[in-house]
Amino acid sequence: MFPFLHGYRRKWVRPDVIAGITVWAVLVPEALAYATIAGVPPVVGLYAAVPALVLYALAGSSRQLVVGPMSATAALSAALITPLAGADGGRYLALTTALAVATGVAGLLAGLLRLGFVASFISEPVLKGFIVGLALVIIIGQVPKLLGIGKHEGDFFEQTWGVLTHLGETEWRPVLIGMLSLLLVLGVKRRLPLVPGSLLAVLAGILVVALFDLDDKGVAIVGPVESGLPVPGLPAGVALRDYLDLLGPAVGVLLIGFAEGLGAAKTYAAKAGYTVDPNRELFGLGAANLGSGFASGMVVNGSLSKTAVNGSAGAKSQVSGLVVAVLTVLTLLFLTGLFEQLPEATLAAVVIAAVVELVDIAALRRLYRVWTEWLGGIYGTAARADFIAAVAALLGVLFFGTLPGLLVGIGIAMVLLVYRTSQPHIAALAPRGPLWLDVARHPDLTPRPDLLVVRVESGLYFVNADTVRRRIQQLCTEHTRLVVLDAETSPVIDVTAATMLVDLRDTLARRGVGFRIARSIGQFGDELEAAQPGTQRIPVYPTVAAAAGEGSEHPGRDHPSEDER
């Protein structure tokens, strides 16, 4: 009934409770702020958080992911709803809630239809670049609060320029509070990792403001928050046509939420040694948004920053999320006044401290190093594509925003995938005893001058058929009398490539060169047969040795290990 309790251990209770309290201290003021970004009353953020946390815990697959209002989807919500609602505040609020409902329906349908495979189009390098870019955007968005200056709208670079050009307006009190809060959080995390540094910073910030009346001296605070629970139900005054109109925009909101949530979930799943299910993530995100919509809330998604807080505080399961939900309900009923005195500089410091560890420049350096040092020669294309895709996603988020940045990263990754497929590594082989090895990796080998054995390390498709043909012809010399294609590393072939092999056979024959295939498997042989109706068949042999006429076929020894290849 409660999948998140499966395998639960008693010793996890303490870290889950501590993590829940810590996340609650961050979520409540953040939810208030993100609701403001979405253009709705601050309390709407709290309305959204409670059902989102509970329903994701029941339906999702991550143990650490925290679902709630987020800046990216809040900003997108405002951009989508503003032209539809105009100046009508009541309709604006209703459509904001309806967007959460539509996003929930889209997520549930995507999960039920098992569309989580869409995550396969978001490669690890793209996801890494996306997370780094999003973390930088979140950080620069918090810097104005840390410095006590106005926030400049726009992309990452415009916001950065806004910070730099307004440094002269910096207020010393917010800076002092923010920097001390940041040092407190980072210091406690480093020296006393079991102590919730974020919670200490929040309590200290509230105490300092209350003792010295800093809100009257230019220190921005969260301010008044309404109390009480919402009445459940669909938003009033929203017709079926409105929901249908919102379904398209809801898919965009879902994609952003799915990407950020999946990225955060995978990051902490890798640290904890388990895996997340993309289909359950879609379903969990859909359930969370639907619950938020029925509770008069706004769109929600997996939060990168709050998940970082949760993971850093030691959360072991979604019990921490349920603790956050319970505390948020108590906040709505009794404690809204507590956060009125929370300085925004302290809140900014907590968010920055949580997100800064996700700016994983070291991972990007590793991708670059793999490209330039390890795989810069034979397999440089694959490594180069991974690094370029990661940087494209990173820069896309910084220049164009969350959704466009993600789409830029995915699009470039797809283009590079097609390019990589069109330029497969084609190895010339030579024998070492019973094995046939890549001459480029083993320059000490001497192939027979009259024999060319090649291996295409890819499936054969229309996108690489011409490249394969051209490269094989280039490898042939005036002494070549026989070409053997080792097809074991080409498990699939399409009609275009099969026809190319027949044409290649005929071209080589006119030059007095034979052409044979060794070790064709599965669909390769079937498609090749279909491409040769009414013509002399290309000879197919069970081993490379047999195709090359090397005598002994050395049964079972034609398969070198990865290192030997």
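Quick caveat: nothing in here was measured; it's all calculated off a predicted structure.
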Checklist entry - Would F156 and F399 count as a close aromatic pair, with their ring centres under 6.0 Å? => result no
Checklist entry - Does the gap between the ring centers of W12 and Y8 come in under 6.0 Å? => result yes
Kindly compute the distance separating [atom1] ([X]) from [atom2] ([Y]), expressed to the nearest 0.5 Å.
{"X": "L55", "Y": "F283", "atom1": "CG", "atom2": "CZ", "answer": "9.5 Å"}
{"X": "I81", "Y": "L93", "atom1": "CD1", "atom2": "CG", "answer": "10.5 Å"}
{"X": "L335", "Y": "E340", "atom1": "CG", "atom2": "CD", "answer": "11.5 Å"}
{"X": "T160", "Y": "I140", "atom1": "OG1", "atom2": "CD1", "answer": "3.5 Å"}
{"X": "L53", "Y": "T328", "atom1": "CG", "atom2": "OG1", "answer": "6.0 Å"}
{"X": "L417", "Y": "I412", "atom1": "CG", "atom2": "CD1", "answer": "13.5 Å"}

Closest non-hydrogen atom pair, [X] against [Y]:
{"X": "G314", "Y": "P15", "answer": "O-CB, 3.3 Å"}
{"X": "L229", "Y": "Y47", "answer": "C-CE2, 4.4 Å"}
{"X": "T36", "Y": "P42", "answer": "OG1-CG, 4.0 Å"}
{"X": "S292", "Y": "A100", "answer": "OG-CB, 4.4 Å"}
{"X": "P343", "Y": "I177", "answer": "CG-CG2, 4.1 Å"}
{"X": "V185", "Y": "A201", "answer": "CG2-CB, 3.6 Å"}

Does any part of the side chain of [Y], heavy atoms only, come nearer than 4.5 Å to the side chain of [X], both counted from C-beta?
{"X": "T346", "Y": "L342", "answer": "yes"}
{"X": "L247", "Y": "V251", "answer": "no"}
{"X": "W24", "Y": "V323", "answer": "no"}
{"X": "L394", "Y": "F130", "answer": "no"}
{"X": "L207", "Y": "L211", "answer": "yes"}
{"X": "V309", "Y": "L27", "answer": "no"}
{"X": "E171", "Y": "L176", "answer": "no"}
{"X": "M179", "Y": "L146", "answer": "yes"}

Checklist entry - For V105 and L290, what are the C-alpha separation, side-chain angles and deciding distance, and is it a side-chain contact (heavy atoms from CB on, under 4.5 Å)? => result CA-CA 7 Å; V105 171; L290 194 61; 4.2 Å; yes
Item to check | Pair N301-Y56, side-chain donor/acceptor within less than 3.5 Å | outcome: no
Next on the checklist: If we count only N and O atoms by modelled type, under 3.5 Å, do the side chains of E281 and S61 hold a donor and an acceptor together?
Outcome noted: yes
Under a 3.5 Å distance rule, please check whether [X] uses its side chain to pair with a backbone N or O of [Y] as donor and acceptor.
{"X": "T170", "Y": "L167", "answer": "yes"}
{"X": "Q64", "Y": "A265", "answer": "no"}
{"X": "R280", "Y": "G60", "answer": "yes"}
{"X": "N289", "Y": "V299", "answer": "no"}
{"X": "T97", "Y": "G297", "answer": "yes"}
{"X": "N310", "Y": "A315", "answer": "no"}
{"X": "T307", "Y": "V66", "answer": "yes"}
{"X": "K306", "Y": "P69", "answer": "yes"}
{"X": "E158", "Y": "D155", "answer": "yes"}
{"X": "S77", "Y": "T73", "answer": "no"}

Answer yes or no: does atom [atom1] of [X] have more than 12 heavy-atom neighbours from other residues, nucleotides or ligands under 6.0 Å?
{"X": "Y274", "atom1": "OH", "value": "yes"}
{"X": "E226", "atom1": "CD", "value": "no"}
{"X": "K271", "atom1": "NZ", "value": "yes"}

Next on the checklist: I'd like to know whether L134 forms a side-chain contact (heavy atoms from CB on, under 4.5 Å) with M70, so could you lay out the CA-CA distance, the side-chain angles of the two residues, the decisive distance to 0.1 Å, and finally the verdict.
Outcome noted: CA-CA 12 Å; L134 189 57; M70 266 302 295; 5.9 Å; no
Item to check | Criterion side-chain contact (heavy atoms from CB on, under 4.5 Å) on Y419 and V415, from CA distance to verdict | outcome: CA-CA 6 Å; Y419 174 76; V415 170; 5.5 Å; no
Checklist entry - Does R63 make a cation-pi contact with Y268, if we ask for NZ or CZ under 6.0 Å from the ring centre and within 45° of the axis? => result no
Item to check | Lys/Arg N to Asp/Glu carboxylate O, D242 vs R91, below 4.0 Å | outcome: yes
Checklist entry - Passes side-chain contact (heavy atoms from CB on, under 4.5 Å), D360 versus K128? Steps please. => result CA-CA 8 Å; D360 196 354; K128 180 61 66 176; 3.3 Å; yes
